[in-house]
2 protein chains.
Amino acid sequence: MPDPISDPIDTKQSLLDAAEALIAERGVAGASLRAITTRAGTNLAAANYHFGSKKALARAVIARHLRPINAERLRLLDAAEDEADDRGPDLESLVNIFVGPVVRFGREMPDRGRHFAQICGRAMTQPDPMLRESLLGELAEAIQRFTKAFARALPELSPEELLWRMQFMVGAMAHTIAGSQMIEAIHGDTLDTRDLDGIVERMVRFLCGGLAAPMEGSR
Amino acid sequence: MPDPISDPIDTKQSLLDAAEALIAERGVAGASLRAITTRAGTNLAAANYHFGSKKALARAVIARHLRPINAERLRLLDAAEDEADDRGPDLESLVNIFVGPVVRFGREMPDRGRHFAQICGRAMTQPDPMLRESLLGELAEAIQRFTKAFARALPELSPEELLWRMQFMVGAMAHTIAGSQMIEAIHGDTLDTRDLDGIVERMVRFLCGGLAAPMEGSR
DNA sequence: GCTTGAATCAAACGTTCGTTTGAATTCTAC
DNA sequence: GTAGAATTCAAACGAACGTTTGATTCAAGC
């Protein structure tokens with residue numbers, strides 16, 4: 001007799017939750033369908049019935065939260081551009097809008113949010129092109145919009161220099177949310193790596209300084 | 001009759017080269033021992049004979065170049081601290097020493113260097129703790145030395161703030177050398193992602209700006 | 001009450017993986 | 001030249017993987 005309380009209200013959702021947690025913990029290759037379906041309280045066939053394949057399941061895990069997060073980003077960008085004068089939103093606002101929603105997403109859903117952020121941070125440099133491109137596809141529009149906005153806020157930068165600085169920004173962000181294993185391994189006892197608001201503040205400060213760095217070594 | 005020219009002069013070295021290229025391309029999990037040994041012109045047993053296991057082979061791939069690179073970093077740091085006045089080396093010198101040897105390593109050995117950098121960039125956030133910790137072990141001394149040096153060059157930062165900023169710096173660096181798939185996928189036709197010297201220059205500018213960013217929003 | 005389609009399940013399939021084995025070969029030193 | 005260690009090789013092993021199959025359960029719709 002199955003437990004009527006924790007009954008699988010929605011098998012699909014349970015599979016996504018289990019996959020999210022296990023992929024975050026062990027990576028895509030390390031999270032077997034058997035482990036995922038066991039954790040979800042179902043079986044192998046169910047995963048293939050609902051998603052068709054393991055890769056499709058992984059893609060669904062990414063898309064589930066990334067889509068609303070990116071929508072939120074673009075919504076905030078729209079609002080900021082409406083409010084700003086004709087020079088556009090200032091740098092700090094843009095960085096906050098770009099970085100904040102992703103990192104802060106972990107606050108509303110502490111576990112799932114953190115897992116999701118880890119997966120996305122890793123997916124950017126993942127060898128599997130399928131997964132990487134599915135992530136980039138979700139991000140493409142946001143990247144284009146933000147590139148234009150940053151170009152307006154940083155008119156003294158050449159287009160090339162701006163693209164590279166955005167690359168560095170994404171790297172700092174992705175690496176930090178992918179898990180701060182390094183900083184935890186070395187100073188885990190003295191630092192609070194769960195104070196997401198504080199981390200966002202620090203990251204925004206750093207990124208603004210980097211993005212606005214002068215081109216010539218005028219020290 | 002085996003080709004006397006490309007004969008396996010050193011099976012161990014061939015295995016390291018093949019593993020390096022394939023792990024960079026497909027990741028540790030995606031690079032099978034069969035693919036590695038075939039590329040190296042030998043067979044499965046040879047890999048286990050020389051390295052004992054696949055994980056040990058992966059660790060050897062990381063250690064082979066990382067150890068001399070870190071030695072070079074520390075050597076440059078020593079030299080800079082000898083030359084500097086009692087305030088220690090300035091920020092730009094430190095960033096150059098920290099970032100330069102890793103990225104520029106790709107110039108001397110174009111293919112192997114790039115592959116190795118990709119592997120290291122990925123290993124930092126890799127789910128496999130074995131590989132991650134072996135990388136962190138190699139880096140531990142360098143990180144401690146550079147933390148002290150940066151603290152001297154940036155006396156206005158609290159220890160916490162400095163650690164986070166170094167975390168962001170490592171992230172920007174790791175993500176960039178892990179492969180600029182994102183920037184290439186979006187603007188691959190207009191940017192030269194192989195001009196390593198130029199990238200180092202740009203990265204140093206960005207990182208100096210970020211590391212030295214003011215703590216208060218004094219705009 | 002029977003039918004239909006979606007959903008779940010245990011079981012098995014075929015493949016690929018890392019590792020091991022034992023014989024063959026090559027190299028080295030006496 | 002030969003003994004002995006080091007190295008290479010083809011073949012096989014057992015485990016784990018993603019996927020498929022066919023039977024079974026369940027909830028509506030007529």
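Here the nucleotide nearest the side chain of B:L44, chosen from D:dT19, D:dA12, C:dC17, is D:dA12. Among C:dT20, C:dA7, D:dT20, the nucleotide with an atom closest to any side-chain atom of A:Y49 is C:dA7.
Look at A:S32 and you'll find a side-chain N or O under 4.0 angstrom from OP1 or OP2 of D:dC17. Listed pair B:S53 / C:dG18 fails the phosphate criterion, with no side-chain N or O lying under 4.0 Å from OP1 or OP2. Neither OP1 nor OP2 of D:dT7 sits under 4.0 Å from any side-chain N or O of B:T11. Taking 4.0 angstrom as the limit, A:N43 places none of its side-chain polar atoms (N or O) nearer than this to OP1 or OP2 of C:dT8. Between D:dA6 and B:H50, no contact under 4.0 Å exists linking OP1 or OP2 to a side-chain N or O. Checking the phosphate oxygens (OP1, OP2) of D:dC9, a side-chain nitrogen or oxygen of B:T42 falls inside 4.0 Å.
The distance from atom CG of A:L33 to atom P of C:dT16 is 17 Å, rounded to the nearest whole Å. Between the NZ atom of A:K54 and the C1' atom of D:dT20 there is a distance of 17 Å, rounded to whole Å.
Annotation: cation-pi geometry not satisfied between A:R202 and B:F168 (NZ/CZ under 6.0 angstrom from ring centroid, within 45° of ring axis).
In summary, the side chains of A:H115 and A:E25 do not present any donor paired with an acceptor at a separation below 3.5 Å, with no hydrogens or angles considered.
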